[in-house]
K.L.:
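Submitted below is the structure of interest, expressed as structure tokens.
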Number of protein chains: 2
Amino acid sequence: MNIGQAAAASGLSAKMIRHYEQSGLLQPTQRSEAGYRQYQSKDIEILKFIRRARILGFSLADIAGLLALWQNPQRSNTVVKQVAQQHLAEVELKLQELHAMKQTLQQMIAQCAADGGAHCAILQHLAKPTRS
Amino acid sequence: MNIGQAAAASGLSAKMIRHYEQSGLLQPTQRSEAGYRQYQSKDIEILKFIRRARILGFSLADIAGLLALWQNPQRSNTVVKQVAQQHLAEVELKLQELHAMKQTLQQMIAQCAADGGAHCAILQHLAKPTRS
DNA sequence: TATGAACCTTACCCTCATGGCAAGGTCAAG
DNA sequence: CTTGACCTTGCCATGAGGGTAAGGTTCATA
């Protein structure tokens with residue numbers, strides 16, 4: 001299986017698969033005589049694992065750790081849970097930040113007449129916020 | 001006023017002020033004989049404007065537009081509102097994505113025994129998701 | 001058999017907002 | 001006159017990709 005098929009099968013781009021290999025997330029695969037990377041179905045499972053973890057927002061560094069734990073029969077699920085909880089905390093922090101942005105943006109937009117005039121509550125708020 | 005004081009007064013870093021100038025967001029300021037950037041209180045207001053807009057998540061490109069509108073007496077608040085609404089839509093999209101991540105992470109974490117064993121619902125989910 | 005399309009390789013540069021470091025110039029106080 | 005705090009420019013790094021270019025390979029079809 002060449003990298004194109006591996007990309008299609010895993011949902012990643014070929015570019016990213018090479019990038020993951022180059023940054024140490026993946027073991028270098030076997031190569032064909034011409035130098036083409038060769039992927040086995042086992043490799044596809046790893047690629048899918050990476051893709052799912054990326055969708056959940058795990059960093060590549062986190063994923064490297066999770067992959068090592070996944071492939072280690074002596075692993076402790078306590079460690080895995082800690083990684084996930086740490087990531088969840090970061091996600092929740094970003095959620096809070098974005099929520100605060102959303103609130104303020106909504107208030108500003110609600111106060112904007114949008115009548116084509118020059119008076120603008122949004123610019124006023126950015127220039128000299130009355131609250132928040 | 002040198003850049004250090006301008007940074008302290010605006011809440012930005014000196015580094016970022018230089019960067020904003022270099023990327024065209026700010027007009028180059030006057031310089032002292034030694035080449036030091038000189039800031040007036042009017043400049044500080046602009047820097048504060050930028051900082052508040054950054055806190056709300058506007059991109060530097062957006063802020064360039066907002067600054068131009070702010071300083072244009074012929075502006076139309078309709079345009080300003082459009083910029084803000086577009087940004088709000090992006091914020092809401094990211095909120096949805098992060099919320100989905102949070103939901104899945106919470107489910108995975110709740111199913112993880114964390115008893116030090118090798119069985120791990122989190123890794124299982126990443127390897128072969130039963131749902132989502 | 002030749003050729004062209006579709007694939008693969010590596011090696012660059014770009015994003016975006018920000019931080020860090022290095023080498024050197026300036027200023028003010030002791 | 002030295003010292004320390006400030007300033008200057010310029011370069012590199014981040015993270016997770018995208019784009020592009022120049023060149024090699026594979027395969028089917030004319």
Side-chain angles (χ1 to χ4, degrees), chain A residues 1-26 28-40 43 47-67 83 86-87 90-91 93-94 97-98 101, chain B residues 1-26 28-40 43 47 49-67 86-87 90-91 93-94 97-98 101:
Chain A
M1 209 179 197
N2 288 342
I3 200 170
Q5 274 121 28
S10 66
L12 297 169
S13 69
K15 185 92 190 212
M16 279 304 100
I17 295 176
R18 291 191 199 99
H19 179 63
Y20 295 157
E21 178 186 317
Q22 211 243 326
S23 52
L25 193 53
L26 296 171
T29 61
Q30 285 183 332
R31 300 284 187 124
S32 72
E33 286 191 5
Y36 286 18
R37 290 171 181 81
Q38 300 299 134
Y39 294 88
Q40 314 299 324
D43 300 317
L47 294 176
K48 286 184 183 173
F49 184 102
I50 293 174
R51 176 163 180 267
R52 292 186 198 111
R54 282 298 302 137
I55 288 172
L56 290 178
F58 285 103
S59 69
L60 296 193
D62 278 350
I63 295 174
L66 290 173
L67 271 176
V83 173
Q86 174 66 33
H87 177 51
E90 289 161 10
V91 167
L93 189 60
K94 280 193 188 166
E97 292 171 6
L98 281 172
M101 288 182 196
Chain B
M1 208 178 196
N2 287 341
I3 199 170
Q5 273 120 29
S10 66
L12 298 169
S13 69
K15 185 92 190 210
M16 278 303 101
I17 295 176
R18 290 191 200 99
H19 179 62
Y20 295 158
E21 178 186 318
Q22 211 243 326
S23 52
L25 195 50
L26 296 170
T29 61
Q30 285 182 333
R31 300 285 187 121
S32 74
E33 287 190 4
Y36 287 19
R37 290 172 181 81
Q38 299 299 135
Y39 295 88
Q40 314 299 324
D43 300 317
L47 294 176
F49 184 102
I50 293 174
R51 177 164 179 265
R52 292 186 198 111
R54 281 297 301 137
I55 289 171
L56 290 177
F58 285 102
S59 70
L60 296 193
D62 278 350
I63 295 174
L66 291 172
L67 272 176
Q86 174 65 34
H87 177 51
E90 288 162 11
V91 167
L93 189 60
K94 279 193 190 167
E97 292 171 6
L98 280 173
M101 287 182 196

K.L.:
To the nearest angstrom, how far is A:Met1 atom CE from D:dT26 atom P?
P.N.:
18 Å
K.L.:
Tell me whether the side-chain N/O atoms of B:Arg37 come closer than 4.0 Å to OP1 or OP2 in D:dC7.
P.N.:
no
K.L.:
Write down the distance between CZ (A:Arg51) and P (D:dA16), rounded to a whole number of angstrom.
P.N.:
16 Å
K.L.:
Would you indicate what B:Phe58 reaches in the nucleic acid, counting non-hydrogen atoms under 4.0 angstrom: base, sugar-phosphate, or nothing?
P.N.:
nothing
K.L.:
Tell me what B:Ser32 touches on the nucleic acid: a base, only sugar-phosphate, or nothing, going by heavy atoms under 4.0 Å.
P.N.:
nothing
K.L.:
Counting just side-chain N and O atoms, does B:Tyr36 come under 4.0 Å of either OP1 or OP2 of C:dG25?
P.N.:
no
K.L.:
In whole angstrom, give the distance that lies between atom CG of B:Asn2 and atom C1' of D:dT8.
P.N.:
11 Å
K.L.:
I want to verify a distance call: between C:dC27, C:dT18, D:dT9, whose nearest atom is closest to the B:Ala34 side chain?
P.N.:
C:dC27
K.L.:
Report yes if a side-chain nitrogen or oxygen of B:Arg18 is closer than 4.0 Å to either non-bridging phosphate oxygen (OP1 or OP2) of C:dG19; otherwise report no.
P.N.:
no
K.L.:
Using a cut-off of 4.0 Å on non-hydrogen atoms, how would the nucleic acid contact of A:Arg54 be classed: base, sugar-phosphate, or nothing?
P.N.:
sugar-phosphate
K.L.:
If I take atom CD1 in residue B:Ile50 and atom C1' in nucleotide C:dA17, what distance separates them, rounded to the nearest angstrom?
P.N.:
13 Å
K.L.:
Could you tell me which non-hydrogen atom of A:Leu26 sits nearest to which non-hydrogen atom of A:Leu47, and how far apart they are?
P.N.:
CD1-CD2, 3.7 Å
K.L.:
Quick check on D:dG18: is either OP1 or OP2 less than 4.0 Å from any side-chain nitrogen or oxygen of A:Ser13?
P.N.:
yes
K.L.:
Rounded to whole Å, please give me the gap between CG in B:Asp62 and P in C:dC16.
P.N.:
11 Å
K.L.:
Give the rounded distance in Å between these two atoms: NE2 of B:His19 and C1' of D:dC11.
P.N.:
15 Å
K.L.:
CD of A:Glu33 versus C1' of C:dC8: gap in Å, rounded?
P.N.:
15 Å
K.L.:
Check A:Gln38 against A:Thr29 and note the closest heavy-atom contact, atom names and distance.
P.N.:
O-CB, 3.4 Å
K.L.:
Is the shortest side-chain heavy-atom distance between B:Arg54 and B:Tyr20 below 4.5 Å?
P.N.:
yes
K.L.:
Search all heavy atoms of B:Ile3 against all heavy atoms of B:Ala14 and return the closest pair with its distance.
P.N.:
CD1-O, 3.6 Å
K.L.:
Taking atom C1' of C:dC16 as reference, at what distance in whole Å does atom NZ of B:Lys94 sit?
P.N.:
10 Å
K.L.:
According to a strict under-4.0 Å criterion, is A:Tyr20 in side-chain N/O contact with OP1 or OP2 of D:dG17?
P.N.:
yes
K.L.:
What do you reckon, is CD of B:Gln5 surrounded by more than 12 foreign heavy atoms closer than 6.0 Å?
P.N.:
yes
